[in-house]
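Quick note: numbers below take in every heavy atom, side chains included, and nothing from hydrogens, waters or symmetry partners.
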Amino acid sequence: MMRDWSAVEAEEDLPLGFGNLHRYSRHHQALPLHPGQTSVSKFWHTVPAVLWKDAQGKEGEWFEKTLQSTHPVMLYLHGNAGTRGGDHRVQLYKVLSSLGYHVVTFDYRGWGDSEGSPSERGMTLDALFLYQWLKQRMDHKPLYIWGHSLGTGVSTNLVRRLCDRGTPPDALILESPFTNIREEAKSHPFSMVYRYLPGFDWFFLDSITANDIRFASDENVNHISCPVLILHAEDDTVVPFHLGKKLYNIAAQSKSLSGHKVQFIPFPSSLGYRHKFIYRSPQLPHILSDFLGTTHPRV
């Protein structure tokens, strides 16, 4: 059962403030907002599968109260293409829900039906606001962060900020991650035709840096102090496998991650998971249970 939330963005470069919208009953409920907020963003809350029956016909307050249940919460930060409602994303929400997790996800400002203009700083602040909103409504249960593709860059930005404050999340899961946006852009299929032309670095890559778009996960992992799990398919052509492995090698040597579990799980090309189908792995529940050191609730 999925809850569809609406969110109101603050002035440029200020974090989001949130109201909510139940996906099925279309119930609206306003939450306190910051002054000057003008644009709207949306996010979903999918409850654990054991609560699906009870969720039928419920309104926003009920969903919010379920965050105080015994079930852990997964904050999911999606990739560049499409919206939070992309099929492969919804399938992952279902898998995580079946394992007993709340799954909360949103569209960044400028994505999907969310308003505003996207920026790396704005995306990171939005994720930080939602993380803090969740923490305020949870008891002392685990709150994990899962990023996919571009969302891994947002995730490491977020987790670095949290760790710098001395409040790390319980774990960080990176699916199909890259090292930094410059290396990813150079490796992306879109650039394949152009990357050997004279001036490619200056015309394309340097413009990314000049616009302050970095998503530097390779730097961030040296400031992160929580368990890190990296999942990557060998046949990923969007974010090449070697970038995920390179990020793992950097994380494994990180002083800030010393004493924390850092794990890399490759998925062979023969499985055909490519960039966005790791959710199909029958081993995923076991991988998560082993890494997080938990037994998934019965569903």
Side-chain angles (χ1 to χ4, degrees), residues 15 73-80 89 92 104-106 108-109 111 118-132 134-135 142-188 208-209 211-232 236 238-265 275-276 278 288 291-292:
V73 178
M74 191 76 71
L75 173 59
Y76 178 82
L77 303 178
H78 70 67
N80 179 56
R89 293 165 186 149
L92 177 62
V104 176
T105 184
F106 72 105
Y108 314 112
R109 55 182 78 183
W111 261 260
S119 69
E120 179 175 358
R121 184 169 185 266
M123 294 161 69
T124 303
L125 288 174
D126 294 347
L128 177 61
F129 184 91
L130 182 51
Y131 179 91
Q132 293 173 327
L134 289 168
K135 288 293 286 186
L143 175 52
Y144 307 116
I145 296 172
W146 183 310
H148 173 245
S149 194
L150 181 66
T152 65
V154 181
S155 296
T156 64
N157 281 349
L158 168 61
V159 175
R160 176 175 178 172
R161 283 178 177 246
L162 293 173
C163 292
D164 285 347
R165 297 178 176 187
T167 58
D170 292 281
L172 171 63
I173 300 169
L174 302 175
E175 179 188 359
S176 307
F178 51 85
T179 46
N180 59 70
I181 199 65
R182 187 183 179 94
E183 289 194 347
E184 161 55 12
K186 194 170 185 177
S187 301
H188 196 280
I208 293 175
T209 304
N211 283 283
D212 198 28
I213 304 172
R214 301 182 66 243
F215 292 108
S217 292
D218 51 352
E219 294 180 13
N220 290 338
V221 293
N222 288 310
H223 300 269
I224 287 174
S225 53
C226 71
V228 176
L229 172 64
I230 297 177
L231 310 171
H232 216 132
D236 189 336
V238 177
V239 180
F241 178 80
H242 72 86
L243 291 183
K245 189 61 182 293
K246 182 177 181 180
L247 181 63
Y248 165 73
N249 290 334
I250 295 170
Q253 299 299 318
S254 167
K255 292 183 180 179
S256 67
L257 284 168
S258 177
H260 296 282
K261 185 183 293 187
V262 179
Q263 190 172 3
F264 182 81
I265 303 293
H275 184 60
K276 57 185 183 182
I278 286 176
L288 294 177
F291 175 73
L292 299 174

Ignoring hydrogens and angles, tell me if any N or O in the side chain of [X] forms a donor-acceptor pair with the backbone of [Y] under 3.5 Å.
X	Y	value
Glu120	Phe215	yes
Thr167	Leu162	yes
Lys261	Phe291	yes
His260	Ala171	no

With no hydrogens and no angle check, do the side chains of [X] and [Y] hold a donor and an acceptor under 3.5 Å apart?
X	Y	answer
Thr156	Asn220	yes
Ser149	His275	yes
Glu219	Asn180	no

One thing to verify: whether Glu175 and Lys276 come together as a salt bridge, which I'm taking to mean a side-chain N less than 4.0 angstrom from a carboxylate O.
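A salt bridge is absent here (no side-chain N lies under 4.0 Å from a carboxylate O).
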
Do [X] and [Y] touch side chain to side chain, with heavy atoms closer than 4.5 Å?
X	Y	answer
Leu150	Met123	yes
His223	Arg160	yes
Leu247	Pro177	yes
Arg161	Thr124	yes
Tyr144	Leu75	no
Gln263	Ile230	no
Leu257	Ser225	no
Tyr76	Val104	no

Using the six-membered ring wherever Trp is involved, compare the ring planes of Tyr248 and Phe264 and label them parallel, tilted or perpendicular (cut-offs 30° and 60°).
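The rings of Tyr248 and Phe264 sit tilted, inter-plane angle from 30° to 60°.
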
Roughly how far, to the nearest 0.5 Å, is [atom2] of [Y] from [atom1] of [X]?
X	Y	atom1	atom2	value
Gln132	Leu158	CD	CG	9.0 Å
Asp218	Lys246	CG	NZ	7.0 Å
Asn222	Ser254	CG	OG	4.5 Å
Thr179	Asn249	OG1	CG	11.5 Å
Cys226	Asp170	SG	CG	8.5 Å
Ile173	Leu288	CD1	CG	5.0 Å

Taking every non-hydrogen atom, the tightest pair across Leu172 and Ser155:
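Where Leu172 meets Ser155 most closely, the heavy atoms are CD1-CB, 3.8 Å.
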
Locate the shortest heavy-atom distance separating Ala127 from Val154; write the atom from each residue and the value.
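Distance-wise, the nearest heavy atoms are CB-CG1, 4.1 Å.
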
Among Val239, Ile265, Ile278, which residue meets the side chain to side chain contact (heavy atoms under 4.5 Å, CB included) test with His232?
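Option passing the side chain to side chain contact (heavy atoms under 4.5 Å, CB included) with His232: Val239.
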
